[in-house]
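These notes concern the structure reproduced below.
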Amino acid sequence: TATVLGFRRNLPPPSSVEAVFETKTSMNPGDVPAPAGLSGRVFRLVLCDGLASEAMGTLTTGVLLTGFAVELGASNFAIGIVAAVPFLIQLLQIPAVILVEHWRDRRRICVGASLIGRIFLLACAAVPFLGPWGIAALIGLLTVYQGAGAIGGCSWNSWMRDLGQS
C-alpha cells in the first residue's frame, strides 16, 4: 500500500505500471493491418496518399499561407479572405456529388480535379511577380485550387468506398 494525497491506495508494483505506459509506436504504413476488402498493397498506397495529402494541406494553408500573404503586403481584409476561402469553397462538394453521380467515373474526376488544383497551386508561386495584382491573383488562384480539391475530395471519398467494397 502507498499513501497518495493523504489516501491509502493499493498500487500495483512499479514493473506493471511501467508496462502500461510502454507502447510500441510505428510510422511504417506496412505495420498497419489492412481493413477487410482491401489488399495490403492497395491499403498501403491509400495510406501513403493520405499522409502526402495531409502534409500538402498543412504546407499550403494556415499559417504558411497567411505569412505568404503578409509578405506580399495583403491588408487585414485580404488576409481574412485568404483564410476563409478553404472553408467557404467546401460548399462546392454539394454540386460535386451530383457531378460524381452523373459521370460515375470517380477516378477520372479525382485525378483531373487534383491535376487542375495542383497547376493552380504552382501558379501561386508566380504571385510575387505580379506587383499590385498579386493579392487578387493569390485569392483567385487559391479559390480554384481549393475548389478543385473539394471536387476531387468528394470523388475520392466515393472512389475509396467503391474500392473497399470490391
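- The structure places CZ of Arg107 at 7.0 Å from CG of Asp105, a figure rounded to the nearest 0.5 Å.
- Contact detail for Ile135 and Ala74: the closest heavy-atom pair is CD1-CB, 3.6 Å.
- The distance from atom CD1 of Ile98 to atom CH2 of Trp103, rounded to the nearest 0.5 Å, is 13.0 Å.
- Going from atom CG of Leu142 over to atom CG of Leu121 covers 7.5 Å, rounded to the nearest 0.5 Å.
- With values rounded to the nearest 0.5 angstrom, Thr61 atom OG1 is found 10.0 Å from Met56 atom CE.
- At least one side-chain heavy atom of Phe68 sits less than 4.5 Å from a side-chain heavy atom of Leu138.
- Inter-residue side-chain proximity for Gln146 and Leu92 is flagged as unmet; no heavy-atom pair is nearer than 4.5 Å.
- Rounding to the nearest 0.5 Å gives a distance of 11.0 Å between SG of Cys124 and CD1 of Ile139.
- Considering Ser158, Cys154, Ser155 in turn, Cys154 is the only one that fulfils the side-chain contact (heavy atoms from CB on, under 4.5 Å) rule with Val97.
- In this structure, Tyr145 is not a member of the same hydrophobic cluster as Val111, with clusters built from ILVMFWY side-chain heavy atoms closer than 4.5 Å.
- Here the OG atom belonging to Ser75 is positioned 9.0 Å from the CD1 atom belonging to Ile81, to the nearest 0.5 angstrom.
- Here the closest non-hydrogen pair linking Ile79 and Ala69 is CG1-CB, 4.3 Å.
- In the displayed structure, Glu54 atom CD is contacted under 6.0 Å by at most 12 heavy atoms of other residues, nucleotides or ligands.
- The shortest heavy-atom contact between Leu72 and Pro128 is CD2-CA, 3.7 Å.
- Minimum interatomic distance between Ile151 and Ala113 (heavy atoms only, all atoms of both residues): CG2-CB, 4.2 Å.
- Val85 and Phe77 fall within a single hydrophobic cluster, where Ile, Leu, Val, Met, Phe, Trp and Tyr are joined by side-chain heavy atoms under 4.5 Å apart, directly or via other members.
- Linking ILVMFWY residues whenever their side-chain heavy atoms come closer than 4.5 Å, directly or via other members, places Phe120 and Val127 in the same cluster.
- Here the side chains of Thr60 and Leu65 are not in contact, with every heavy-atom distance at 4.5 Å or above.
- In this structure, Trp156 and Val46 have side chains that are in contact, with non-hydrogen atoms separated by less than 4.5 Å.
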